[in-house]
Structures are given as structure tokens and as C-alpha cells.
Protein chains: 2
Amino acid sequence: MLKGHLDAIVLAALAGEPAHGYAIIEEIRRRSGGVFNLPEGTVYPALHRLEKAGAVNSDWTTAPNGRRRRVYTLTPQGRASLDHHRDVWRDFARAIDTMMASGDPGAPLGDGPPWPTR
Amino acid sequence: MLKGHLDAIVLAALAGEPAHGYAIIEEIRRRSGGVFNLPEGTVYPALHRLEKAGAVNSDWTTAPNGRRRRVYTLTPQGRASLDHHRDVWRDFARAIDTMMASGDPGAPLGDGPPWPTR
DNA sequence: ATCCTATGCCTAGTAATTCTAGGTATGGAA
DNA sequence: TTCCATACCTAGAATTACTAGGCATAGGAT
């Protein structure tokens, strides 16, 4: 379950350098430490959607081994979108962290700001 | 958008003390700093679902002002569920943090563990 | 030679989740 | 007496990601 952050994750995976779909899936699995093991049926439609929205471009290429690959590149607009997603994520994560922290058996209540000061 | 963490949020809101639905909504808005402003159509069905699942109990009470309220209490099972949600959240958040951090314009690449050591 | 696995792409339909939009009812303030 | 906040509820829509299939080729194993 990607919980609404699929676009952010895919864009983040492309932030370093262009990559083709299959490689993106592996990159996400690797970077997330195995937490995100996305099926192709999740990622490919997402890439098509992102391209339609102008966040990525794609080019068909032929790999050294002779296979056809569709390589996706982040557009400036896509990078801006990623930045936005980052902001949204920070707010979201902080909000959940706060919710989770309050009522934590190990956490004293009512002292200081409820945010974990990370 | 709750992004699949609705149950966790509602359970967390009840971790401190029992509360009725309307109060839970306000508590969530307050604790999240306004990030989560959940409509009743989201929270009430969630509470019913959680009760069916045995995570909360409910009792009809009459408030000092004479209004009928349904007060929800976390069950031991609900508390265990909350603990589980907390673990899931930590893994999830760390994975996204890592994804977001890589390729961050301000972040040097390839040094140290990719996790923000919080 | 043939099979199997990994690579590499794709889509239609389904399942799960949350929101929209409506409904009901009462207390207290303007 | 009218309006707003409180307080509960539900059916259906919208969004999102996944399941389950399909197609094709390279390279290693049998």
C-alpha cells in the first residue's frame, strides 16, 4: 500500500537520473529497504499518468543487450512537483508522528510541544 | 487524505482517554495542527468498523447539557492494534524519508546510511 | 533443442479506502 | 425565531493501487 504517495515515490526514484520502468521498480525496492515492493501494474500506469501530466518525458531506447526500454526523465515541472510532494509529506509525517506520540505509554503527557523535535 | 492511516489516527486519538465521535474529530484536528480536518462521514464509519473489529467499545451517555453521546473506549485489543500501527508507520515513514532524501538537491549523495538518523 | 527464469513492457477490471452529500435532532445565542 | 454549533448517521461516488492476466526476448540450465 502506497497510501497516496505513489507519485512522490516514483518522482523521487527519478530524481537522481533517468531510468526505465523496470529499473525504477528495483530502485524503489532497494532504496526503501524492501518496504516498497511495487508490482508492475502499479508503476507502469503511474508513469503513463505522470507523463500525461508533464512531470516526466519518455524515450524508447535499445539497451546494450538489444532490448527495448522506455527511459523516463524528470522534467522541470516534475522536479517542482517532487518538491511540492516533499513539503506535503513533511507536514503529513509530522502530523502523524504527533498523533502517534500522544498517548504513547512511554511518553509523558502534557509537557512541551507535542512534536518530536527531530 | 488519510492515506490508509485512518484507523491508526483514530486509535491514537483514543489512546489517552475515552471520547465521543465529535470530540475525536476535534481532537484529531487539534493534535495534527489542523492538517487533519476529517469529515464526519469519514470518522463515524471508521468508529463503527473499529467497534465491529473489537478495537473499541461504545457506550451511550448523556452529557451535562442533556445531549446523547456515544463514547468510545479503546479495548486492550485496540491498544495492541495501535502499537502495531505505530510499528507499521515507523517503517513506512522511514522508507519514504529515504526515498525523499535521495536526490534531494541539498543532500550529498552516496554518503553514510540513507536514513535520516532520527 | 527446449525449458525456465529474468528482463521488460502493457491493460482491464477489481478491491479497498475515504469523501461527498445528504439526512436527523437539540441546545443556546442573537 | 432563526441560526449556528453540537452530535449522530448512511448510501453512493470518487480515488487509488493491486490482481491477474497478456506479449516478447535473452541467456542459462537441462
Under-4.0 Å side-chain N/O to phosphate OP1/OP2 contact, B:Y44 with D:dC9: no
Carboxylate-amine/guanidinium contact A:R31 A:E27, below 4.0 Å: yes
For atom CZ of A:R68 and atom P of D:dT25, their distance in whole Å: 10 Å
Atom-pair distance (CD1 on B:I25; P on C:dT18), nearest Å: 14 Å
Nucleotide C:dA21, atom C1' - distance to CG of B:L38 in whole Å: 17 Å
Aromatic plane relationship, A:F36 with B:F92 - under 30° parallel, 30 to 60° tilted, over 60° perpendicular: perpendicular
Minimum-distance nucleotide (side-chain atoms of A:L6 versus D:dA17, D:dT6, C:dC9): D:dA17
Atom-to-atom span, NE2 of B:H20 to C1' of D:dC8 - whole angstrom: 10 Å
N/O (side chain, B:R67) to phosphate O (OP1/OP2, D:dT6) under 4.0 Å: no
Sugar-phosphate, base or nothing in reach of A:G4, heavy atoms under 4.0 Å: sugar-phosphate
Whole-Å gap separating C1' (C:dA6) and CD (A:E26): 9 Å
Geometric cation-pi criterion B:R68 and B:W60, 6.0 Å radius, 45° cone: yes
Nearest-nucleotide comparison on DNA chain D, the residue closer to the 5′ end among A:G66 and A:P39: A:P39
Check: A:S58 main-chain N/O paired with A:E51 side-chain donor or acceptor under 3.5 Å: yes
Nearest-angstrom distance from the residue atom NE2 of B:H5 to C1' of C:dA16: 14 Å
Short side-chain N/O contact from A:H48 to OP1 or OP2 of C:dT11, under 4.0 Å: yes
Pairwise side-chain contact, A:Q77 with A:S81, heavy-atom cut-off 4.5 Å (strictly under): no
OP1 or OP2 of D:dT6 under 4.0 Å from side-chain N/O of B:Y22: yes
Whole-Å distance separating the CD atom of A:E40 from the P atom of C:dA12: 16 Å
Per A:R49 side chain, nearest of listed nucleotides D:dA17, C:dC10, C:dT18: D:dA17
5′-ward residue of the pair A:A63/A:G41 relative to DNA chain C: A:A63
Under-4.0 Å side-chain N/O to phosphate OP1/OP2 contact, A:R70 with C:dC10: yes
Nucleotide D:dC18, atom P - distance to CG of A:L47 in whole Å: 14 Å
